[in-house]
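Contents: one structure, followed by commentary.
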Amino acid sequence: MKLHRVRVLHRERFGDHALIRYRWTGPPPEPGQFVLARSAATSHALDPFLARPFFAHDHENGTTSLLFEVRGRGTLLLSEVAEELLVSSPRGRGFEVQGGPVALVGGGVWAAPLKLLSRRLEHTGVPHDTYIEVPRNAPNDYAVWLAQGYPGARFVHTGDTAGAPWRLFDEIGDLARYSTVYASGPEETLATTKKVSEGRVAAQLALRETMACANGSCYGCAVPVLGYDGAYYARACIDGPVFPAEALAW
Amino acid sequence: MKLHRVRVLHRERFGDHALIRYRWTGPPPEPGQFVLARSAATSHALDPFLARPFFAHDHENGTTSLLFEVRGRGTLLLSEVAEELLVSSPRGRGFEVQGGPVALVGGGVWAAPLKLLSRRLEHTGVPHDTYIEVPRNAPNDYAVWLAQGYPGARFVHTGDTAGAPWRLFDEIGDLARYSTVYASGPEETLATTKKVSEGRVAAQLALRETMACANGSCYGCAVPVLGYDGAYYARACIDGPVFPAEALAW
Amino acid sequence: MVARATSLGVELCGLPLQTPLLPAAGTLAAEVLCGMEDVYGAIVPKTVTLEPRAGNPPPRIAETAAGMVNSIGLQNPGIDRFLADLDEYDVGLPIFASLAGETVVQFVRLCERLFADGRATAVELNLSCPNVEHGGLTFCSGPAVVGEVVAACRAALPGKPLLVKLTNEGVVGNALAAEDAGADGLTLINTVPALTVDAAGRQVLVRGGLSGPAIKPIALRAVYEVARMVGVPVIGCGGVTSGTDVAEFMLAGAAAVQVGSGGFVREPREILEEFVTCLRNAGLAAAELTGGLR
Amino acid sequence: MVARATSLGVELCGLPLQTPLLPAAGTLAAEVLCGMEDVYGAIVPKTVTLEPRAGNPPPRIAETAAGMVNSIGLQNPGIDRFLADLDEYDVGLPIFASLAGETVVQFVRLCERLFADGRATAVELNLSCPNVEHGGLTFCSGPAVVGEVVAACRAALPGKPLLVKLTNEGVVGNALAAEDAGADGLTLINTVPALTVDAAGRQVLVRGGLSGPAIKPIALRAVYEVARMVGVPVIGCGGVTSGTDVAEFMLAGAAAVQVGSGGFVREPREILEEFVTCLRNAGLAAAELTGGLR
Ligand SMILES: Cc1cc2nc3c(=O)[nH]c(=O)nc-3n(C[C@H](O)[C@H](O)[C@H](O)COP(=O)(O)OP(=O)(O)OC[C@H]3O[C@@H](n4cnc5c(N)ncnc54)[C@H](O)[C@@H]3O)c2cc1C
Ligand SMILES: Cc1cc2nc3c(=O)[nH]c(=O)nc-3n(C[C@H](O)[C@H](O)[C@H](O)COP(=O)(O)OP(=O)(O)OC[C@H]3O[C@@H](n4cnc5c(N)ncnc54)[C@H](O)[C@@H]3O)c2cc1C
Ligand SMILES: Cc1cc2nc3c(=O)[nH]c(=O)nc-3n(C[C@H](O)[C@H](O)[C@H](O)COP(=O)(O)O)c2cc1C
Ligand SMILES: Cc1cc2nc3c(=O)[nH]c(=O)nc-3n(C[C@H](O)[C@H](O)[C@H](O)COP(=O)(O)O)c2cc1C
Ligand code: FES
Ligand code: FES
């Protein structure tokens, strides 16, 4: 996989969330596409071994941004030691944008790709509402910080217990007023989106399946989907990471 | 092995040589002792696996310095990404200082421990001459850069071919005028020091045997020495890294 | 460009290869071959089985220290579809088809299909797959099993170079058995059986095979020990991420070198370029490195 | 302090251990035991042989990706001196003496010496050493050899817990043979045979055994497969550098866990403290982790 050395222009932390902006003059990312990233400073080291996949959070004027949770070693290194990054070109199949009105449904930091999507919708004049789930136990100003990225979004404070996404959809109300729901969030939010949209509204889900090669070679990012002749494993990195909800054999 | 998080106060590069100063309030290093160091920023990563051993180059007012060649991944990371270091306490047996006059014989960057030694000799009033070998193909101002660390040292430009250390000892002349020769340099310089000192003058050599545990546990840093009942393998990390030349079974 | 330098060429089982670099089976999709024409010496497609295989349920991969564990389960479309699409792998380089069966008969059937088709220049038997006739032990479980399957495939592939890919466990004995049974070359090694555990979730994450830099010293050892014992060429595989790694494998005795998971994190072209630099520094041609330890 | 928390205690072969953490043989010198009294559950000194051994010439170690290869050659002062100095290892913890012989008779002789001396609470047989009666293959080369040496040592150590330390290769069969022959516990795994090559110098650097995080997934797999098959406790070993690693090994089936080269880069006390945090988060006692996969 070809990784390009790029300069980090901006770096921001909020609790265990990080925002990074870097200079990118290659092909601009489509909404829902992802990039692989690793810290250039530690590229001589063989651990962490794999680059980390992140949705393109935003892109404007030759600047791409990533919004991510600091979970383990890879994201910690990215958030701390990286004047320069090694990043791939934007990859995969993103959201398909048709008519509106549409709903964007996100969960916390994992709403990342919805920002670029809303920019696109804005640009193409598709009416859209954005709902972002914030766990009740998040720090007070978390929603405020997050809101900077999603002007006009509605922040829904859900419980941190199971069932949270259902509360989110209670808030959203009748889905039939939208032509498509675009979702990016915790697994439970994606699963709930699939359930509530079934038979009512088209839904597109941004998956975060673990990846290795990110180019279709390794078959590591298997997602069970329904094909013409039954279920099979698609590859999230090239067939996704965005899938129509009805295609998923969950 | 206990490593302590310390702050880097100063960092300097000359070609592929690096000088790092860090705050150290633990037990001060004795001349010829070494420390283990790794970049704190990448300590979550499991590669490079081992910390790297370096002689204490200098120590003054709670500041320890390391002078090293950037060779591979470990030293590259140390020289580039390290606001903070993880370092061990000073370890091992250093130079034994008795009367004088003595000669300090060093090879390039590997003269590192001689600086702290000359400080000690200065302090205890032992007369000493310092000779530092500089390969003829080194950049012009290399000796100048190195000289900052060794006031009063004589820089001897040797060839970069085999036999260089012999030229160095030609320049030094009669060794019998010294009571001890302290040497730290490339393997060839150490071997030559052992040869030329034999029967003439006591010599102490600072070895750089590959290490893993650095506390006597692994027996990885074996150095063949002569014991009461024949040759055996001593452990450079606790029996050295400085050995009397006559003890070495080379 | 690099690939044209004559000093990069090697010979493997009588085949001239423009470079000693090959992709490891299962780590390079046809979709990404474009632009690789001058990097590799031959192409090794993903292992194919007689029938289509759905593969294992996710999670299939987990990162480990300097490596990764995978449990793909040989997802592949089966030999019919494989042959129908084989031209996707044709970038003007020889194709080494990787085959796996659950029985000796399946291996032979696959060889016959490949032989009849004729487009694959060579065959690589992936013996690290379960042998249903031996209680699920792999075809690498011992010299007798290796000898049996290799001899049977040998007979089905008259005149076609036959490579046998082995696991690390029992590698020397298995290598000798493969050679005796008519193998023209040995690919060492496949992934090392491994497990990852999710401690927080108190569950097994992936039970599969370890690859990547973590296993390089293990693979180097296998190549070194086997190359001293056999007369056929050895292809090194395991943890290659740099040109120096390629040189290390060749010095240890490999005639060619496969890049697997290293290709996920490095661009194979960069690895080849680094290898060229190694050769220049040493003043040697690629072929001179093989077994070139002083 | 940590070590006093009752939730850290485990039982191994009927012995109560204050923590499940042990040093791996050959990785902790007596000189550095001071201050470790509350970290470990028992002490495992470096493997001792009947006669003194000088060990291998340098270089003996080489770093690899997330690991290291060593070829120490069992440098040790021999059993006489070992017993004379054994009190250096006495920090109030049980001592598990690691033994290696070149013949079954040597193993038995060592066991007899240990038994007569009486200070070692348990014995760990290091079977990853060359068996001169079997052409230099190790005592781990197959179930028959393992069974023979373990049965002989068992007879020489009436009533004393006998642990058997195995290599990864052939581990399930060897483990079953050791259990059959009377082993009270199994330590898995010793280093994995490996090689490092110095490409620039065109020479073999170190031919020895791989340890460290690189082999953790291999060791976890061995523990997992063996623990399901045997009735005796398993001690996990290989690549532990963190408290999470300890938890992973116990979940995979280990009753206790050894720290080897991880102790070179982390302070064992820190590893134990992290493990305590894991236990707190899970709301479990150490002993409850063993085989506690959901
Ligand atoms: C297409 C795609 C887009 C993504 N976009 C974003 C994004 O925009 N923002 C964001 O915050 N994250 C995103 N992720 C997830 C992100 O890649 C992981 O959180 C990151 O790789 C973790 O790396 P790490 O080294 O910090 O954690 P590790 O040390 O690798 O793991 C930390 C913990 O997380 C678990 N873990 C790691 N990866 C996964 C996974 N994929 N699924 C489940 N558990 C896992 C590990 O088991 C471990 O317990 C995306 C993933 C994919 C595949
Ligand atoms: C007690 C002691 C004190 C030392 N003091 C100094 C010092 O003051 N200044 C200084 O510049 N260096 C010193 N060294 C050497 C220094 O530790 C190594 O150069 C460093 O560890 C290399 O790390 P790396 O990651 O950059 O190289 P690596 O990537 O580990 O190796 C780079 C290349 O160097 C080779 N190499 C690495 N270590 C050694 C070794 N010990 N012997 C021979 N070849 C080796 C490798 O095989 C490889 O080819 C000392 C070593 C010891 C044991
Ligand atoms: C994701 C993945 C898929 C693999 N699939 C196959 C396969 O289909 N057939 C095969 O013989 N080996 C397969 N392998 C093993 C590799 O070909 C190679 O032997 C192994 O990964 C070691 O090399 P590496 O460390 O360079 O990856 C696979 C490895 C990986 C990582
Ligand atoms: C330097 C070194 C010396 C070792 N010496 C011995 C030994 O004497 N006896 C033994 O049974 N194992 C020995 N081992 C193997 C370890 O005990 C352990 O099984 C192996 O290193 C894997 O664990 P680790 O990854 O935690 O190091 C040694 C390992 C190392 C690294
Ligand atoms: S990540 Fe390899 S196929 Fe998708
Ligand atoms: S480095 Fe381990 S004994 Fe010296």
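Residue numbers begin at 1 in each chain, while the letters A, B, ... track the order of the sequences.
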Item to complete: Identify the residues of residues 27-36 of chain D whose heavy atoms come closer than 4.5 Å to a heavy atom of chain B, ordered by number, or report 'none'.
Response: D/Thr27, D/Leu28, D/Ala29, D/Glu31, D/Val32
Fill in: Short side-chain to backbone donor-acceptor contact, D/Glu63 and B/Phe49, under 3.5 Å
yes
Discussion item. Which atoms of D/Pro23 are under 4.5 Å from chain B, going by heavy atoms: the side chain, the backbone, both sets, or neither?
Written reply: neither
Fill in: Plane angle bin for B/His4 and B/Trp24 - parallel if under 30°, tilted between 30 and 60°, otherwise perpendicular
perpendicular
Worksheet item: Does the B/Thr192 side chain pair with the main chain of B/Trp166, one donor and one acceptor, at a distance under 3.5 Å?
Response: no
Discussion item. Assess the residue pair D/Ile189 and D/Leu166 against the criterion (side chain to side chain contact (heavy atoms under 4.5 Å, CB included)); give the C-alpha distance rounded to whole Å, side-chain angles, the decisive distance to 0.1 Å, and a yes or no.
Written reply: CA-CA 6 Å; D/Ile189 59 177; D/Leu166 299 171; over 6 Å; no
Discussion item. Is there a side chain to side chain contact (heavy atoms under 4.5 Å, CB included) between D/Leu50 and D/Leu110? Walk through the geometry before answering.
Written reply: CA-CA 6 Å; D/Leu50 217 44; D/Leu110 285 161; 3.7 Å; yes
Worksheet entry | Side-chain donor/acceptor of D/Arg266 to backbone N/O of D/Thr241, under 3.5 Å | yes
Worksheet entry | Atom group of B/Tyr233 that falls short of 4.5 Å from chain D, counting heavy atoms | both
Practice prompt. Just do the side chain to side chain contact (heavy atoms under 4.5 Å, CB included) check on B/Thr64 and B/His59 with the steps written out, would you?
Written response: CA-CA 4 Å; B/Thr64 301; B/His59 180 81; 2.8 Å; yes
Worksheet item: Any donor and acceptor pair, going by atom type alone, linking the side chain of B/Arg23 with main-chain N or O of B/Gly62 inside 3.5 Å?
Response: yes
Worksheet item: What residue in D/Pro57, D/Pro59, D/Gly26 has the most heavy-atom pairs under 4.5 Å with chain B?
Response: D/Pro57
Item to complete: May I have the step-by-step check of side chain to side chain donor-acceptor pair (under 3.5 Å) for D/Gln258 and D/Glu124, ending in yes or no?
Response: CA-CA 12 Å; D/Gln258 295 184 348; D/Glu124 184 179 87; 3.0 Å; yes
Discussion item. One pair to check against side chain to side chain contact (heavy atoms under 4.5 Å, CB included): D/Leu251 and D/Phe249. What are the steps and the verdict?
Written reply: CA-CA 5 Å; D/Leu251 287 166; D/Phe249 271 98; over 6 Å; no
Just list the side-chain donor-acceptor pairs under 3.5 Å for residues 66-73 of chain D, sequence neighbours left out, or say none.
| from | atom 1 | to | atom 2 | distance (Å) |
| --- | --- | --- | --- | --- |
| D/Asn70 | OD1 | D/Ile72 | N | 3.4 |
| D/Ser71 | OG | D/Asn56 | ND2 | 2.9 |

Worksheet entry | Heavy-atom pairs under 4.5 Å with chain D, option from B/Lys2, B/Arg73, B/Met211, B/Glu209 with the top count | B/Lys2
Worksheet item: Once the angle between the rings of B/Phe95 and B/Tyr182 is folded into 0 to 90°, is it parallel (under 30°), tilted (30 to 60°) or perpendicular (over 60°)?
Response: perpendicular
Worksheet item: Do the ring centers of B/Tyr22 and B/His10 come within less than 6.0 Å of each other?
Response: no
Item to complete: Please assess B/Phe55 against B/Phe34 for the test ring pair (Phe, Tyr, Trp, His ring centres under 6.0 Å), listing each intermediate value before the final yes or no.
Response: CA-CA 4 Å; B/Phe55 289 115; B/Phe34 68 97; 7.4 Å; no
Response to the item:
The interface call for D/Ser242 against chain B, heavy-atom contacts under 4.5 Å, is neither
Discussion item. Counting only non-hydrogen atoms closer than 4.5 Å, does B/Leu86 touch chain D with its backbone (N, CA, C, O), its side chain (CB onward), both, or neither?
Written reply: neither
Discussion item. Using a 3.5 Å distance criterion without hydrogens, assess whether the side chain of B/Ser184 forms a donor-acceptor pair with backbone atoms of B/Trp110.
Written reply: yes
Worksheet item: Of all the residues in residues 197-220 of chain D, which have a heavy atom that comes within less than 4.5 Å of a heavy atom in chain B?
Response: D/Gly212, D/Pro213
Discussion item. Taking D/Pro130's backbone N and O only, do any of them form a donor-acceptor pair with D/Glu102's side chain (distance below 3.5 Å, no angle check)?
Written reply: no
Fill in: Positions in residues 241-250 of chain B that reach chain D, provided some heavy atom is under 4.5 Å away
none
